[in-house]
Amino acid sequence: MMYDAGPSIDVTDEAGGSVGDIMQQIADHKGCGTSGGSGKASCGSAAGSGDLAPEIWEKVKNHPCYSEEAHHHYARMHVAVAPACNIQCNYCNRKYDCANESRPGVVSEKLTPVQAAKKVLAVASTIPQMTVLGIAGPGDPLANPAKTFKTFELIYNTAPDIKLCLSTNGLMLPDHVDTIAKYNVDHVTITINMVDPDIGAKIYPWIFYRNKRYTGREAAQILTDRQLMGLEMLTERGILCKVNSVMIPGVNDHHLVEVNRAVKSRGAFLHNIMPLISAPEHGTVFGLTGQRGPTAQELKALQDGCEGEMNMMRHCRQCRADAVGLLGEDRSAEFTTDKIMAMEVDYDIDTRRAYQAQVEDERQAKVAAKQAELGTLAGEMSDVKILIAVATKGGGRVNEHFGHAKEFQIYELSTAGAKFVGHRRVDLYCQGGFGDEDSLDGVIRAINDCAAVFVAKIGGCPRADLVKAGIEPVDQYAHEFIEQSAIAYFKDYLGRIRTGEITPVVRGDADIRQGAFIAG
Ligand code: CLF
Ligand code: SF4
């Protein structure tokens with residue numbers, strides 16, 4: 001959707017409908033599971049153009065966080081203009097990125113709104129598939145409202161094709177809903193970890209609200225009231241809301257089902273349950289007290305359990321507050337202030353559109369290939385489900401070498417097709433000429449619940465170790481589309497079971513990697 005510059009003018013979308021009408025339709029949509037033709041919860045990360053009302057699809061189709069499908073093709077960037085925070089979370093150490101939206105790792109540079117706007121234009125002219133600007137910290141954007149909204153205003157006026165996105169802890173959200181709407185920030189994430197203040201008191205030691213510090217249950221009560229009020233106010237205005245929740249085993253893991261119901265009933269569009277990242281070296285309360293994060297299977301079980309209520313986001317990378325690029329890659333080091341100052345910035349909306357049209361063609365080809373392959377599974381009767389890991393650099397293709405993979409995408413295969421269910425970050429195996437055995441052990445632990453790993457290429461040594469661990473290395477689909485290849489593999493897999501060539505075994509659990517992101 002394209003908006004004219006200026007916050008107060010009457011704007012019209014490309015299809016000719018007024019944005020006001022679209023906002024109303026989204027407001028009427030009222031969250032997942034209440035519209036769409038399938039009778040199933042219809043919106044959410046895996047939804048496609050056929051599942052959503054056209055005006056909502058238009059809003060999410062190029063947003064890498066709101067559409068799983070889009071995240072293979074489109075990039076986001078964050079600008080770190082919001083250093084202060086108004087609450088304390090036990091999983092956050094203030095010298096690290098906001099854990100609501102980012103993995104633990106320091107922000108390289110804090111920016112002024114003017115610097116941030118320059119950076120956005122520099123990135124937009126270099127990475128034409130960058131479609132979304134998010135403000136997600138390193139503190140809370142709404143604890144820094146002047147800087148946050150000045151940045152949005154500058155971008156709104158200079159780069160009108162870029163979607164604006166905001167992530168907040170929600171404490172000050174009700175006070176800023178009008179301004180959020182004014183700048184057409186049409187994607188807002190609220191981190192909601194509880195709706196029960198007794199549980200909240202175990203997560204938040206204090207909040208600072210209207211010049212007063214609150215602690216314990218009282219603090220958590222104010223926070224939950226403000227979060228839910230803000231969510232309702234936004235969805236009533238037709239602003240798409242995603243809820244992020246940090247899964248903290250033994251603290252809020254079972255309770256998140258209740259959170260899921262509470263946010264769904266208030267119109268949240270998507271729920272993103274993320275694993276707690278907690279290690280002593282982060283210096284957080286949870287890190288220092290030894291609070292563990294969930295295992296891969298615990299996380300998936302909770303996400304699966306909530307999916308009947310509402311579609312779940314499973315492709316979140318817990319990005320840095322200054323992340324740039326496709327989810328899962330980080331190109332922020334290419335866009336430091338020094339480098340931006342030396343860059344020739346040529347922000348050309350037509351070039352961006354032309355590039356995005358090519359991306360769209362590739363994306364449509366991918367969807368068509370998947371649908372055609374799915375047809376070949378028709379008539380297959382089996383309750384076998386397996387997970388596979390895929391090495392990819394993006395574009396929805398199997399196009400990364402095993403040794404170069406910094407993460408593996410995880411798909412669940414069944415007679416229903418191939419479904420993206422998560423990703424696992426790993427240390428690089430290839431160290432330039434030799435393989436790192438420690439890293440290989442880490443990779444195997446990270447994808448231990450998978451029956452196979454799809455790669456563009458793999459060497460003899462890791463191949464043998466994977467086979468020994470019961471994970472089949474598959475390189476026959478190099479550079480092909482992931483889902484199409486996965487469905488073809490699964491059909492063959494079922495055939496091999498029938499002939500007795502293989503016996504499916506129950507795989508073990510897998511590790512979610514802790515610790516800081518290694519960029520590059
Ligand atoms: Fe950024 Fe967040 Fe917007 Fe996305 S991230 S402000 S909604 S543009 Fe995305 Fe990153 Fe997960 Fe956030 S992968 S941490 S969900
Ligand atoms: Fe840290 Fe974000 Fe929580 Fe603030 S809201 S304490 S910055 S995780």
Side-chain angles (χ1 to χ4, degrees), residues 45 60 62-68 70-71 74-105 107 120 130-144 148 152 162-173 185-193 200 203-208 219 223 227 240-246 248 269-278 282-286 312-330 407 422-423 425 517:
S45 66
V60 302
N62 295 351
H63 194 307
C65 303
Y66 281 68
S67 161
E68 186 277 313
H71 102 279
Y74 292 100
R76 54 75 184 101
M77 70 175 292
H78 290 164
V79 286
V81 294
C85 193
N86 46 12
I87 70 174
Q88 180 62 58
C89 306
N90 279 335
Y91 47 72
C92 177
N93 176 345
R94 210 44 64 72
K95 73 176 190 237
Y96 289 94
D97 283 359
C98 171
N100 283 340
E101 275 289 329
S102 50
R103 75 194 113 220
V107 178
V120 173
M130 191 279 286
T131 49
V132 175
L133 165 73
I135 300 184
D140 185 75
L142 298 182
N144 306 260
T148 294
F152 281 142
I162 293 175
K163 288 181 168 65
L164 303 179
C165 195
L166 170 75
S167 172
T168 174
N169 61 38
L171 180 63
M172 297 315 294
L173 186 54
V185 179
D186 54 11
H187 300 80
V188 175
T189 294
I190 315 168
T191 297
I192 301 182
N193 296 319
I203 303 171
Y204 306 102
W206 56 260
I207 67 167
F208 194 75
L223 183 61
Q227 289 173 330
L240 289 185
C241 291
K242 171 164 73 62
V243 168
N244 282 1
S245 300
V246 180
I248 311 163
F269 184 77
L270 187 61
H271 194 187
N272 171 25
I273 297 181
M274 312 180 290
L276 172 73
I277 294 176
S278 166
H282 300 153
T284 63
V285 170
F286 283 150
M312 308 297 292
M313 177 181 186
R314 307 200 190 220
H315 60 284
C316 174
R317 302 302 200 278
Q318 295 172 273
C319 351
R320 292 169 59 98
D322 56 3
V324 175
L326 292 173
L327 305 189
E329 75 174 0
D330 189 354
E407 70 162 33
H423 59 90
R425 184 161 295 140
F517 175 67

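Every number for a ligand or one of its atoms is a count from 1 in the order of the listing.
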Of the backbone and side-chain N, O or S atoms of C165, does one lie nearer to atom 3 (Fe) of ligand 1 than 2.8 Å?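 It does; at least one qualifying atom falls short of 2.8 Å.
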
Taking heavy atoms and a distance under 4.0 Å, where does N169 meet ligand 2: side chain, backbone, both or neither? side chain

Between the candidates A143, P205, G137, P138, which shows the shortest non-hydrogen contact distance to atom 7 (S) of ligand 2?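 Among A143, P205, G137, P138, the closest heavy atom to atom 7 (S) of ligand 2 belongs to P138.
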
Selection from C89, C85, A84 by shortest heavy-atom distance to atom 4 (Fe) of ligand 2: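 Of the listed residues, C85 has the closest heavy atom.
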
Shortest non-hydrogen contact from S67 to V60?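 S67 and V60 have their closest heavy atoms at CB-O, 3.4 Å.
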
For atom 4 (Fe) of ligand 1, decide whether H187 has an N, O or S atom at a distance under 2.8 Å.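 So H187 does not count as coordinating atom 4 (Fe) of ligand 1.
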
When you measure from the heavy atoms of M77 to every atom of ligand 1, does any distance fall below 4.0 Å?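 The answer is no: ligand 1 sits nowhere under 4.0 Å from a heavy atom of M77.
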
Provide the number and element of each atom of ligand 1 under 4.0 Å from a heavy atom of R317.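 It comes down to these atoms of ligand 1: 11 (Fe), 13 (S).
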
When you compare the side chains of K163 and T131, does any donor N or O come within less than 3.5 Å of an acceptor on the partner?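 Distance-only check fails for K163 and T131.
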
Taking the inter-plane angle between the rings of H187 and Y66 on a 0 to 90° scale, is it parallel (under 30°), tilted (30 to 60°) or perpendicular (over 60°)? perpendicular

Does C316 put an N, O or S atom under 2.8 Å from atom 11 (Fe) of ligand 1? yes

Using a 4.0 Å heavy-atom threshold (strictly under), name the region of M274 that reaches ligand 1: side chain, backbone, both or neither. neither

